[in-house]
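Below, read A as the first sequence line, B as the second, and so on, with proteins coming before strands; counting in each chain starts at 1.
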Amino acid sequence: MADKNVSMRTPLSRVKGLGASGHGVEHWWLQRLTAAANVPLMIAFAFIVAALAGSSYVEALALISHPLVAIILILAVVSVANHMRLGMQVIIEDYVHGSAARVVAIIANNFYTVAVAVACLYAILKVSLGRILF
Amino acid sequence: MAEAKEAQRPLSPHLQIYRVTWTMAMSVFHRATGTALYFGFALFAVWLVALATGPRVFNAVQWFFGSPLGLLILFGYTWVLMHHLLGGIRHFIWDFGYGMGDERMALARLTLIGSIALTLAIWVAAFTFL
């Protein structure tokens, strides 16, 4: 009679500890890493948006294109986009059942977060780099 | 060849069988605020792309955000962001193994009161420095 507790895993897979998904704790870790980065970035973001309240086109251009503001915003967009992509993926995995719907939802999640992030980064860079010309 | 049988595994009970508690509500709310921020992030992209497009588009978008509806959305967004931020810090405290006992209620209360206080502080600051 064979031992029922024999693992199906190879010794190498157990040592690597990457689990069935092949990613190990990467998702969990990146979620925490971006969360930690988001704390100072979102505090700075709140100040930047507050400073933008009721500003004219020229005033808004001047503020967003300031190197310090632009760099903080780029860091914020990268960190936030990753954080919300991972967060929404967990929500989808918890509540969307059926493999087809789930796969479609996860693809849509990736498309949406990348599209929004690229739009933000493009706009920040265009406004910031354009300032060199005048 | 034997057919693969699907094991009748028990499903774990979900939200509806538990008594609603404050800490549970705050946990649900953390996901809800995260989802709101997820979609709200597109508003910032719209504003930035409008700025990059030119003064005409920018003025239209800026007018919307300055309208009563726009201000209401921004105010709500500020609160949701502050709530998710403080909720996230609460999760960090739990990740380090603290705050699992009776102080959970205090942490939940602190998140709620703190988020409202921070939101009001940001808006008062925004309007006084204007």
Heavy-atom pair count under 4.5 Å with chain A, highest-scoring of [options]:
{"options": "B/His91, B/Arg31, B/His84, B/Met82", "value": "B/Arg31"}
{"options": "B/Ala42, B/Ala52, B/Pro55, B/Ala45", "value": "B/Pro55"}
{"options": "B/Ile122, B/Asp95, B/Leu51, B/Val49", "value": "B/Leu51"}

Within this structure, what is the [atom1]-[atom2] distance for the pair [X] and [Y], rounded to the nearest 0.5 Å?
{"X": "A/Met42", "Y": "A/Ile72", "atom1": "CE", "atom2": "CD1", "result": "10.5 Å"}
{"X": "B/Phe65", "Y": "B/Leu72", "atom1": "CZ", "atom2": "CG", "result": "12.5 Å"}
{"X": "A/Leu52", "Y": "A/Leu63", "atom1": "CG", "atom2": "CG", "result": "5.0 Å"}
{"X": "A/Gln31", "Y": "A/Gln89", "atom1": "CD", "atom2": "CD", "result": "9.5 Å"}

Examine whether an atom of [X] lies under 4.5 Å from a heavy atom of chain B, and if so say whether it belongs to the side chain, the backbone or both; otherwise answer neither.
{"X": "A/Leu121", "result": "neither"}
{"X": "A/Ala36", "result": "both"}
{"X": "A/Val80", "result": "side chain"}
{"X": "A/Phe47", "result": "neither"}

Side-chain heavy atoms of A/Ser55 within contact of B/Gln62, under 4.5 Å:
yes
Please look at [X] and chain A and tell me whether the side chain, the backbone, both or neither of the residue comes under 4.5 angstrom of a heavy atom of that chain.
{"X": "B/Phe58", "value": "side chain"}
{"X": "B/Leu81", "value": "side chain"}
{"X": "B/Phe92", "value": "side chain"}
{"X": "B/Trp63", "value": "neither"}

Between B/Ser115 and B/His83, is the side-chain hydrogen bond (donor to acceptor under 3.5 Å, both in side chains) condition met? List the steps.
CA-CA 5 Å; B/Ser115 64; B/His83 196 281; 4.5 Å; no
Kindly determine whether B/Leu110 and B/Leu86 satisfy side-chain contact (heavy atoms from CB on, under 4.5 Å), including the steps that lead there.
CA-CA 8 Å; B/Leu110 205 68; B/Leu86 290 180; over 6 Å; no
Describe, in one word, how the ring planes of B/Trp123 and B/Phe75 are oriented to each other, choosing from parallel (under 30°), tilted (30 to 60°) and perpendicular (over 60°).
perpendicular
